[in-house]
Number of protein chains: 2
Amino acid sequence: MTLSWSVLPCETFVQKKLYKRFILNILGYWSIGASPRGVSQVGSNEESKLEEARQEYIESLSETMEMYGLSPSMGRLYGIMFFHEDPMTLDEMRSRTGMSKTSMSTGVRALSRLKLVHKKWQKGVRKDLYEAEHDQFRSFVEFFAQQWEKEIQINRKALAKTEQNLKRLLEEEDISPETTDRIRKDLEKLKEAKRYYAWLERMVDVFESGKIFDLVSIPEDTE
Amino acid sequence: MTLSWSVLPCETFVQKKLYKRFILNILGYWSIGASPRGVSQVGSNEESKLEEARQEYIESLSETMEMYGLSPSMGRLYGIMFFHEDPMTLDEMRSRTGMSKTSMSTGVRALSRLKLVHKKWQKGVRKDLYEAEHDQFRSFVEFFAQQWEKEIQINRKALAKTEQNLKRLLEEEDISPETTDRIRKDLEKLKEAKRYYAWLERMVDVFESGKIFDLVSIPEDTE
DNA sequence: CAGTTCGTACAGAAAAAACCGTACAAACGA
DNA sequence: TCGTTTGTACGGTTTTTTCTGTACGAACTG
């Protein structure tokens, strides 16, 4: 009795997850039928086999990108674009993902802001074209440099304000020794934090300038 | 008329955000009254002034940690622990954040898994005690090393499977030249991805071993 | 200039996540 | 041993995010 209580919810959970993935796969397969712009329609059987093979890696990209705060759908979109040779239009994305064009629009712009994807102009094509950044090293470096940069900017600003407030508080007359002591300790912590941001700034620079690749070299080839 | 349509929703949005922050601040101030374990109760006026001064930085920590995929509440909890001198119990956290003990339990464990906070045993105290990792450099390095490690692990596994499937597909007889070509290109991309993971693994090592601090030195002091 | 085609803003629906209260197991103390 | 204290699992509720359809402005086309 007690056992069934603690076991059942877990099963339900797993079922839900699996069910979701199942549905997504179906949608994925469905959308394959759509004939990509300009590409001759080969047997859709081959097409679906290819998609199926890619699927595993796409899904794992989606999963890892979720770790970095992106939604799974955006991760999946990136995965699809990763494999797609030519730049994609919003409509292609829509048919590949089975999602709405609106979502593609917002999604691709989010990926774009993160430098994981970029717009590509092509003569004679009126639609916006996007392609995944080919250079994964560049993506990586830009992604984190950007995040760290923002972290520095936001926190330094708040830090300054807090520091100011604490110092002002310290100068008030009717402060108990205990509180004074605490304020001192707080200020010490903030000072250390400043050192951290200074270092992080160096990191950002090392990343953005590409010096990181001198320090940690890219392996020649791996088999 | 058309203008009011496009302007009003924006205002509503801003109001919502501000309203939320307002409420949070109130909650923050309320929770200050609680007397921390063992600390003599000084004038709660000073206490609240101190809290107020800290608030700005805490909130910004929360905001930046949200960028890294943590919930704002967890960020706030971390911020509170950052300033708190002694290790905290779940009940203290509860009273400081104004949230439930359950949330504190799950939250602190999440922070713990990310190495931003760690358990600290103290003689004679039965409750679990947690404190924020003092060394922010260590936190940073471990946090990202951990994430990257997981990325490598998850994606390499899926990559291998996909690679295998693609190669198998390539050996089937009735494959059109176009598809064969696509598969070849996919395999090429995966090969490049492998190189990326190999490099990322070096990064993880450089971080975990602390070599990163030789390459990008920590500044002496900053004023 | 009218008629298309595109991309996006926005409001509402659907899905997911954060959060809480209850209940319970484990560790401890009398 | 029995009562207490402490941390956590879990179901349900609230809040947030994601996603969609509609509608509309901008850019192009004939």
Side-chain angles (χ1 to χ4, degrees), chain A residues 1-14 16-17 19-21 23-24 27 37 62 65-66 69-77 88-94 97-113 119 121-130, chain B residues 1-14 16-17 19-21 23-24 27 37 62 65-66 69-77 88-94 97-113 119 121-130:
Chain A
M1 193 55 157
T2 317
L3 189 67
S4 72
W5 267 32
S6 63
V7 166
L8 260 172
C10 181
E11 285 186 354
T12 321
F13 173 74
V14 169
K16 259 190 182 171
K17 272 282 182 188
Y19 178 70
K20 184 189 161 188
R21 171 156 304 192
I23 291 295
L24 285 171
L27 286 175
R37 165 184 57 98
S62 163
M65 290 179 70
E66 201 177 350
L70 302 175
S71 73
S73 305
M74 292 311 98
R76 205 164 306 122
L77 175 59
M88 295 178 82
T89 68
L90 290 181
D91 285 309
E92 280 176 289
M93 296 177 207
R94 190 184 48 67
T97 60
M99 290 173 68
S100 74
K101 198 171 170 183
T102 311
S103 293
M104 294 306 95
S105 176
T106 56
V108 91
R109 265 183 301 159
L111 291 173
S112 200
R113 218 173 318 117
K119 222 182 244 199
W121 185 82
Q122 205 165 297
K123 193 169 70 177
V125 180
R126 228 161 47 125
K127 303 188 182 191
D128 289 1
L129 293 171
Y130 293 92
Chain B
M1 190 55 152
T2 317
L3 189 68
S4 72
W5 267 30
S6 64
V7 167
L8 260 174
C10 183
E11 286 185 352
T12 321
F13 173 74
V14 171
K16 258 191 183 172
K17 272 283 181 185
Y19 177 71
K20 184 189 160 187
R21 172 156 303 193
I23 291 294
L24 286 172
L27 286 175
R37 165 182 57 96
S62 163
M65 291 180 70
E66 199 176 352
L70 301 175
S71 73
S73 306
M74 291 311 98
R76 201 153 17 233
L77 176 58
M88 295 179 81
T89 67
L90 291 180
D91 285 307
E92 279 176 290
M93 297 177 205
R94 190 183 48 67
T97 60
M99 290 173 68
S100 74
K101 199 172 170 184
T102 312
S103 293
M104 294 305 96
S105 175
T106 56
V108 91
R109 264 182 303 159
L111 292 172
S112 199
R113 218 174 317 116
K119 222 181 244 195
W121 186 82
Q122 203 165 300
K123 193 170 69 176
V125 180
R126 242 178 66 192
K127 302 188 181 194
D128 290 359
L129 294 171
Y130 293 91

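Chain identifiers are assigned alphabetically (A, B, ...) following the order of the sequence lines, protein sequences preceding nucleic acid strands; residue numbering begins at 1 within each chain.
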Distance from [X] atom [atom1] to [Y] atom [atom2], nearest 0.5 Å?
X	Y	atom1	atom2	value
B:Met65	B:Leu70	CE	CG	4.5 Å
B:Arg94	B:Ser105	CZ	OG	13.0 Å
A:Lys127	A:Met88	NZ	CE	11.5 Å
A:Tyr130	A:Thr89	OH	OG1	10.5 Å
A:Ser112	A:Lys119	OG	NZ	7.5 Å

Check: Is a side-chain donor-acceptor pair under 3.5 Å present for B:Ser103 with B:Ser100?
Finding: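 A pair is found: one side chain offers a donor N or O, the other an acceptor, under 3.5 Å apart.
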Within this structure, what is the [atom1]-to-[atom2] distance between [X] and [N], rounded to whole angstrom?
X	N	atom1	atom2	result
B:Met74	C:dA17	CE	P	15 Å
A:Leu70	C:dA16	CG	C1'	16 Å
A:Glu66	C:dA16	CD	C1'	10 Å
A:Trp121	C:dC6	CH2	P	16 Å
B:Leu77	C:dA18	CG	C1'	14 Å
B:Met104	C:dA18	CE	P	13 Å

Identify each atom pair where a protein N or O and an N or O of nucleotides 5-7 of chain D are less than 3.5 Å apart, giving names and distance.
from  : atom 1 : to       : atom 2 : distance (Å)
D:dT5 : O2     : B:Arg126 : NH2    : 3.2
D:dG7 : OP1    : B:Asp128 : N      : 2.5

Next item on the list: State which of C:dC19, C:dT22, D:dC19 makes the closest approach to the side chain of B:Ser71.
Entry: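 The listed nucleotide nearest to B:Ser71's side chain is C:dC19.
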Next item on the list: Decide yes or no, distance alone: a donor-acceptor N/O pair under 3.5 angstrom between the base of C:dG7 and the side-chain of A:Thr102.
Entry: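 Not at all, since no donor on one side and acceptor on the other fall under 3.5 Å apart.
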